[in-house]
Amino acid sequence: MPELPEVETLRRCLEPYLVGRRIESTRVRNPKLRWPVPIELPARLQGRVIQGLERRGKYLLMHLADGAVILHLGMSGCLLVRPEGAPAATHDHLEIVLDSGKVLCLNDPRRFGCVLWCPGDPLEHPLLAGLGPEPFAPAFTGDYLYQRARGRKATVKAFIMDSRIVTGVGNIYANEALFAAAIDPRRAAGRISRKRYHALAAALVEVLRQAIQQGGTTLRDFRDAVGNPGWFQLQLKVYGRAGEPCPRCLRPLSEVRLAQRATTFCAACQR
DNA sequence: ACTGGCTCCTGAGGGC
DNA sequence: TGCCCTCAGGAGCCAG
């Protein structure tokens, strides 16, 4: 389930294979994703040079001279670099053949991902225009979170997982950051002090930074573009550990569902 | 302006 | 061994 660190890991891994390369051809093996792969995509990409690979939240943006490909991996998507001629796999949706002889392949069993063509600036695309700041951007601060939380009755966990507030934070890292900041995930976002939001912002940045450093979290199937797993799962403190002792106070970790998502926390030391 | 619930999809894993 | 059931979740969308 790619969140920001997994998408950033992929971006870094893919960059040297893609940037500066010319696209020879594009094969759409299965257009069925969250939205259908645009029918004109192969023609748009044909002969174009990839000028950059950018990440915005959990979106990857492949910049060409006259537009960009917007990619999202949903929760089961992966991008793999393979040699031309390698056999296709089940759930391969798209293959982009590069002039290097390598092929960029999108595989997505659950089809929650998407591939879109954007003729203009992708940051102004409706899917991206309303996104909140990147966690690593200067604009993302405790003060910012505190201000945005005024009057909010939703839980703080739903609040930090809202991409309009801050981008890229999924379930795993929301759980981990709330644990690190010792905040009860069930607490209403509007009922948390400015000081505690400073701690939360710092915790989010630190958890994401460490996860990127570890190459992301591989729970079941995350791999980078050449098949390497991430290692941050070894450092998860609470996610997937309900019933185990809290790393801080040793009382058993609790699990509840918030906003349809598994939420693990320590009811004793997260307040 | 917010909020919670629904929806898409397939593979893994548990129970029997 | 095999079948059936439940669950996992990103995020757009919509009704209230």
Side-chain angles (χ1 to χ4, degrees), chain A residues 1-10 29-37 55-61 70-79 88-94 106-116 118 122 125-135 145-178 185-192 204 208 211 216-223 229-230 233 236 238-243 255-264:
Chain A
M1 47 201 83
E3 300 184 30
L4 185 154
E6 290 74 39
V7 178
E8 179 61 22
T9 296
L10 261 176
R29 293 196 172 273
N30 180 357
K32 290 182 187 172
L33 287 169
R34 172 149 202 187
W35 300 284
V37 178
R55 181 189 57 74
R56 178 76 175 101
K58 299 176 191 172
Y59 289 93
L60 276 175
L61 309 174
I70 299 175
L71 288 149
H72 197 290
L73 298 174
M75 66 165 285
S76 63
C78 62
L79 285 166
T90 313
H91 307 303
D92 279 358
H93 289 267
L94 187 75
L106 171 71
N107 184 286
D108 187 359
R110 296 186 196 178
R111 302 186 199 168
F112 283 8
C114 68
V115 180
L116 300 172
C118 177
H125 188 280
L127 288 175
L128 284 87
L131 294 178
E134 289 288 320
L145 282 180
Y146 178 77
Q147 287 305 329
R148 292 296 303 266
R150 293 310 82 210
R152 299 256 187 170
K153 295 186 175 126
T155 63
V156 61
K157 180 162 181 258
F159 176 68
I160 59 169
M161 289 180 68
D162 184 338
S163 64
R164 294 164 298 185
I165 302 300
V166 56
T167 59
V169 180
N171 197 34
I172 296 174
Y173 300 109
N175 279 306
E176 294 297 311
L178 286 163
R186 301 168 297 182
R187 184 176 281 271
R191 305 294 295 258
I192 292 175
L204 266 169
L208 295 170
T217 299
T218 297
L219 290 179
R220 190 170 296 143
D221 47 20
F222 172 71
R223 293 289 187 280
Q233 65 278 11
L236 294 176
V238 291
Y239 182 86
R241 295 189 184 279
E255 181 154 308
V256 295
R257 285 191 78 75
L258 291 181
Q260 288 89 244
R261 274 161 194 88
T263 302
T264 315

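These figures come from a predicted structure and were not determined experimentally. No hydrogens, no waters, no symmetry mates; every other heavy atom, side chains included, goes into these values. First the proteins, then the strands, lettered A, B, ... as listed; each starts at 1.
For residues 154-166 of chain A, the pairs satisfying salt bridge (charged side-chain N to carboxylate O under 4.0 Å, His left out) are A:Asp162-A:Arg164, with sequence neighbours left out.
Annotation: side-chain contact (heavy atoms from CB on, under 4.5 Å) contacts of A:Ala177 (sequence neighbours excluded): A:Leu200, A:Ala203, A:Leu204. Scored by the side-chain contact (heavy atoms from CB on, under 4.5 Å) test, A:Val115 finds A:Leu33, A:Val37, A:Leu41, A:Val69, A:Leu71, A:Leu94, A:Leu106 as partners (sequence neighbours excluded). Partners of A:Phe222 according to the ring-ring contact (aromatic ring centres under 6.0 Å, His included) rule, which considers only residues two or more places apart in sequence or in another chain, do not exist here. Residues meeting the salt bridge (Lys or Arg N to Asp or Glu O under 4.0 Å) test with A:Arg241, sequence neighbours left out: A:Glu244. Judged as a side-chain hydrogen bond (donor to acceptor under 3.5 Å, both in side chains), and not counting sequence neighbours, the contacts of A:Tyr173 are A:Glu6, A:Thr217. Judged as a salt bridge (Lys or Arg N to Asp or Glu O under 4.0 Å), and not counting sequence neighbours, the contacts of A:Arg55 are A:Glu8, A:Glu134. Annotation: side-chain hydrogen bond (donor to acceptor under 3.5 Å, both in side chains) contacts of A:Glu255 (sequence neighbours excluded): A:Thr264. Shown here are the side-chain contact (heavy atoms from CB on, under 4.5 Å) partners of A:Lys32, two or more places apart in sequence or in another chain: A:Asn30, A:Arg111.
A:Tyr173 comes within 4.0 angstrom of nothing in the nucleic acid, heavy atoms only. Within 4.0 Å (heavy atoms only), A:Phe159 reaches no atom of the nucleic acid at all. Nucleic acid contact for A:Lys58: sugar-phosphate only, since backbone atoms but no base atoms lie under 4.0 Å from a heavy atom of the residue. Residue A:Leu73 is out of contact with every strand shown, counting any heavy-atom pair closer than 4.0 Å. Residue contacts shown for A:Ala158 are absent, as no nucleic acid heavy atom lies under 4.0 Å away. Residue contacts for A:Arg150: at a heavy-atom cut-off of 4.0 Å it reaches no nucleic acid atom on any strand shown.
In this structure, the CE atom of A:Met161 is 17 Å from the C1' atom of B:dC2, given to the nearest Å.
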What one-letter contact string describes nucleotides 6-12 of chain B from 5' to 3', where B marks a base within less than 4.0 Å of any protein heavy atom, S marks contact via sugar-phosphate atoms alone, and - marks no contact?
B-BBBBS

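For the pair A:Leu73 and A:Leu10, the minimum side-chain heavy-atom distance is below 4.5 Å.
Taking five base pairs at each end of the helix from B:dC2-C:dG16 to B:dC16-C:dG2 and finding the rotation axis that steps the C1' atoms of four pairs onto the next four gives two axes whose angle is 50°, to the nearest 10°.
Between chain A and DNA chain C, the heavy-atom contact criterion of under 4.0 Å yields a 5' to 3' nucleotide range of C:dA8 to C:dG12.
Between the A:Arg261 side chain and the A:Arg257 main chain, no donor and acceptor come within less than 3.5 Å of each other.
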